[in-house]
Amino acid sequence: MSDWASSGDWRLLFIYRDRVKKATPDDVARVARTYLKPDNRTIGRFVPTEKPDRAPLPPEPDVAALVKDYRGQATVAAGEAFDPAPAAIEPRVIRGALPSGLKTVYLPKKTRGQSVSAMLTLHYGTLEGVTGKAATADMTVDMLVRGSRTMSRQQIKDRLDSLKAKLSVSGGPTQLNATIETTRPNLPAVLQLLASVLREPSFDSKEFEELRHENLAALEQQRSDPIALGSQAYNRTTSPWPKGHPRYTPTFDESIADYTAVTLPDAQNFYAQFLGGSSGELAIVGDFDPREVNTLLVESLGSWKSPTPYVRVPQQAFDVKGTSVTIETPDKANAFFISGKALKLRDDDPDYAAMELANYIVGGGFLNSRLMTQIRQKEGLSYFVGSQFYASPLDQYGQFLGVAIYAPENVGKLQQAYSQVIDSVIANGFSAEEVAKAKEGYLQSRQLSRSQDNELAPALTQEAFLGRTLAWDAALEARVRTLSPQQLQEAFRKYVDPTAFVTVKAGDFAKGKPAATTP
């Protein structure tokens with residue numbers, strides 16, 4: 001709205017929309033002939049001519065006249081006043097399961113424009129079955145939306161465009177995730193399309209080779225990327241799983257070799273051996289009829305059973321000594337910093353709520369966090385800086401880490417400032433005012449997340465997997481409200497040990513050093 005207002009009037013947005021709707025192919029061709037002159041192009045090398053054929057400058061429009069009598073189009077469905085509190089949502093949730101075993105979670109509600117968001121998660125495989133097959137699994141999952149038995153990749157894309165819907169599918173060795181954004185009238189068709197790509201993949205050989213080239217190109221590009229290199233080194237150090245394990249972090253050379261070696265029959269065999277709907281969850285949130293949708297899902301996915309049972313691969317917090325790694329990335333303007341450690345902690349631990357809120361203050365609260373305030377706003381050392389905290393709901397595994405993007409010449413100052421913030425929390429804790437503001441911000445962020453359907457659907461999917469309801473969220477938030485500054489400091493001291501931090505710095509640090517003198 002601000003962009004259009006700066007052009008003269010915010011209502012120009014709707015005039016532009018109306019004109020786009022009326023535009024014809026002839027209009028596009030006419031405008032292209034009039035304005036897309038060869039001499040107006042910039043192709044990296046400019047060769048001037050004596051009398052270039054410039055496009056004419058159109059006369060300045062009379063904005064006031066354009067918007068004077070404008071009236072908007074018919075309004076869309078406005079939606080309901082939705083209360084995002086756990087106690088308000090939980091009674092409205094409809095839980096069930098398909099004959100295949102797939103768990104379903106439905107939350108019907110009136111939404112603006114009759115929008116609907118959905119999240120499907122499928123679990124598959126065993127440790128023994130998927131070991132050494134990370135590249136194969138990734139290629140298998142990505143191939144699903146690149147063609148079905150009845151539709152090509154382009155036809156799938158065109159169908160989604162005609163339905164004004166978004167469908168994405170991603171995954172790895174043991175899990176597939178599919179997300180949907182659409183509207184009530186189009187939801188049945190989108191769900192049928194999803195069932196088609198999941199159950200009837202074509203595994204076209206040409207598409208497979210194109211996908212392989214895309215993956216290899218991406219890996220080659222990441223070889224010199226500070227964020228990719230730094231994250232890879234951090235994960236390999238803090239989580240030293242054996243090679244081939246589904247949680248193993250490969251080197252770029254290893255990944256390139258794996259993607260080069262994987263074959264189309266490998267992907268077809270992986271699909272035939274593991275993919276099915278017996279272990280998974282589907283959550284749908286928005287404007288839809290649960291009975292209609294459930295009937296459709298029973299017909300399309302109800303008989304889709306997994307070929308082999310799913311056995312979850314547990315996570316583990318390794319005991320790793322603190323260390324520092326520096327990676328040179330020549331000719332990169334930005335550097336990447338990551339520093340932290342694995343934690344032996346679950347999200348049902350009494351200390352979990354305190355660590356959540358402590359992290360929110362340290363670096364999870366974005367602009368008002370300690371890291372952002374000190375390192376970016378006061379010292380101007382970083383474009384972005386923050387911290388992350390995670391604790392598994394199933395295993396004694398978690399992570400606390402800080403990340404920053406900055407100019408390479410600031411590496412020393414940035415690391416010192418990061419350490420000072422962490423050390424200050426350990427030594428001095430938090431003030432009562434700071435904790436009170438953090439509680440308000442943290443709880444509001446959770447309320448906001450539940451008010452966004454595309455965030456609520458994944459949350460309900462995860463809770464279905466864990467056998468939880470929104471009562472768990474309510475209990476966590478009640479616990480957060482009672483926390484004291486002392487409890488936050490004690491939890492932070494207990495789990496965050498800077499001497500055990502694994503610190504990785506990736507950037508063009510050599511350029512910032514003074515040149516060596518020649519004797």
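Heavy atoms only: backbone and side chains are in, while hydrogens, waters and symmetry mates are out.
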Does the pair Asp266 and Gln268 meet the rule for a side-chain hydrogen bond (donor to acceptor under 3.5 Å, both in side chains), with working shown? CA-CA 6 Å; Asp266 290 337; Gln268 292 170 320; over 6 Å; no
task: Check the pair Phe400 / Tyr390 against ring-ring contact (aromatic ring centres under 6.0 Å, His included), numbers first and verdict last.
output: CA-CA 7 Å; Phe400 173 83; Tyr390 166 78; over 10 Å; no
TODO: Would you check, one step at a time, whether the test side-chain hydrogen bond (donor to acceptor under 3.5 Å, both in side chains) holds for Tyr234 with Gln399?
DONE: CA-CA 12 Å; Tyr234 178 84; Gln399 281 271 354; 2.8 Å; yes
Does the pair Asp204 and Ser202 meet the rule for a side-chain hydrogen bond (donor to acceptor under 3.5 Å, both in side chains), with working shown? CA-CA 5 Å; Asp204 180 79; Ser202 63; 5.7 Å; no
Run the side-chain hydrogen bond (donor to acceptor under 3.5 Å, both in side chains) test on Tyr248 and Arg236 for me, step by step, so that the C-alpha distance in whole Å, both residues' side-chain angles and the decisive distance to 0.1 Å come before the verdict.
CA-CA 8 Å; Tyr248 172 73; Arg236 286 176 61 83; 3.1 Å; yes
Checklist entry - After noting the C-alpha distance and the side-chain angles of Leu120 and Leu122, does the key distance pass the side chain to side chain contact (heavy atoms under 4.5 Å, CB included) rule? => result CA-CA 7 Å; Leu120 169 69; Leu122 297 178; 4.0 Å; yes
Side-chain atoms of residues 313-324: list all donor-acceptor pairs with protein atoms under 3.5 Å, sequence neighbours left out, distances to 0.1 Å.
unit_1	atom_1	unit_2	atom_2	d
Asp319	OD1	Lys344	NZ	3.3
Asp319	OD2	Lys344	NZ	3.3

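Looking at Arg468 and Asp348, no side-chain N of the basic residue comes within less than 4.0 Å of a carboxylate O on the acidic one, giving no salt bridge.
Under the 6.0 Å cut-off for aromatic ring centres, Phe203 and Phe208 do not qualify, their centroids lying 6.0 Å or more apart. Taking the six-membered ring for Trp and the full ring otherwise, the centers of Phe389 and Tyr360 sit at least 6.0 Å from each other. Aromatic ring centres of Phe336 and Tyr406: separated by at least 6.0 Å.
In this structure, Thr329 contributes its side chain and Lys332 its backbone to no donor-acceptor pair below 3.5 Å. The main-chain N or O of Arg479 is found under 3.5 Å from a side-chain atom of Thr482 such that the two form a donor-acceptor pair. Arg376 places no side-chain N or O within 3.5 Å of a backbone atom of Phe384 that could act as its donor or acceptor partner. Between the side chain of Thr111 and the main chain of Ser115, a donor-acceptor pair closer than 3.5 Å is present. Between the side chain of Gln487 and the backbone N or O of Ser484 there is at least one donor-acceptor pair closer than 3.5 Å. Put simply, the side chain of Asp508 gets close to the backbone of Asp331: a donor and an acceptor are under 3.5 Å apart. A donor-acceptor pair under 3.5 Å links the side-chain atoms of Glu254 to the main chain of Thr251, judged by distance alone.
Applying side chain to side chain contact (heavy atoms under 4.5 Å, CB included) to Leu371 and the options Val421, Val403, Ile361 leaves one that passes, Val421.
Asp395 is listed as a side-chain neighbour of Arg312, based on a closest heavy-atom distance under 4.5 Å. Between Glu181 and Val116, the closest side-chain pair of non-hydrogen atoms is not below 4.5 Å. The shortest distance between side-chain heavy atoms of Ile327 and Val504 falls below 4.5 Å.
A perpendicular orientation is assigned to the rings of Phe337 and Tyr418, their planes being inclined by more than 60° (bins at 30° and 60°).
More than 12 heavy atoms of other shown residues, nucleotides or ligands fall within 6.0 angstrom of atom CD in Gln447. When the shell of 6.0 Å around NZ of Lys413 is examined, it contains 12 or fewer heavy atoms from other residues, nucleotides or ligands.
Rounding to the nearest 0.5 Å gives a distance of 12.5 Å between OH of Tyr310 and CZ of Phe274.
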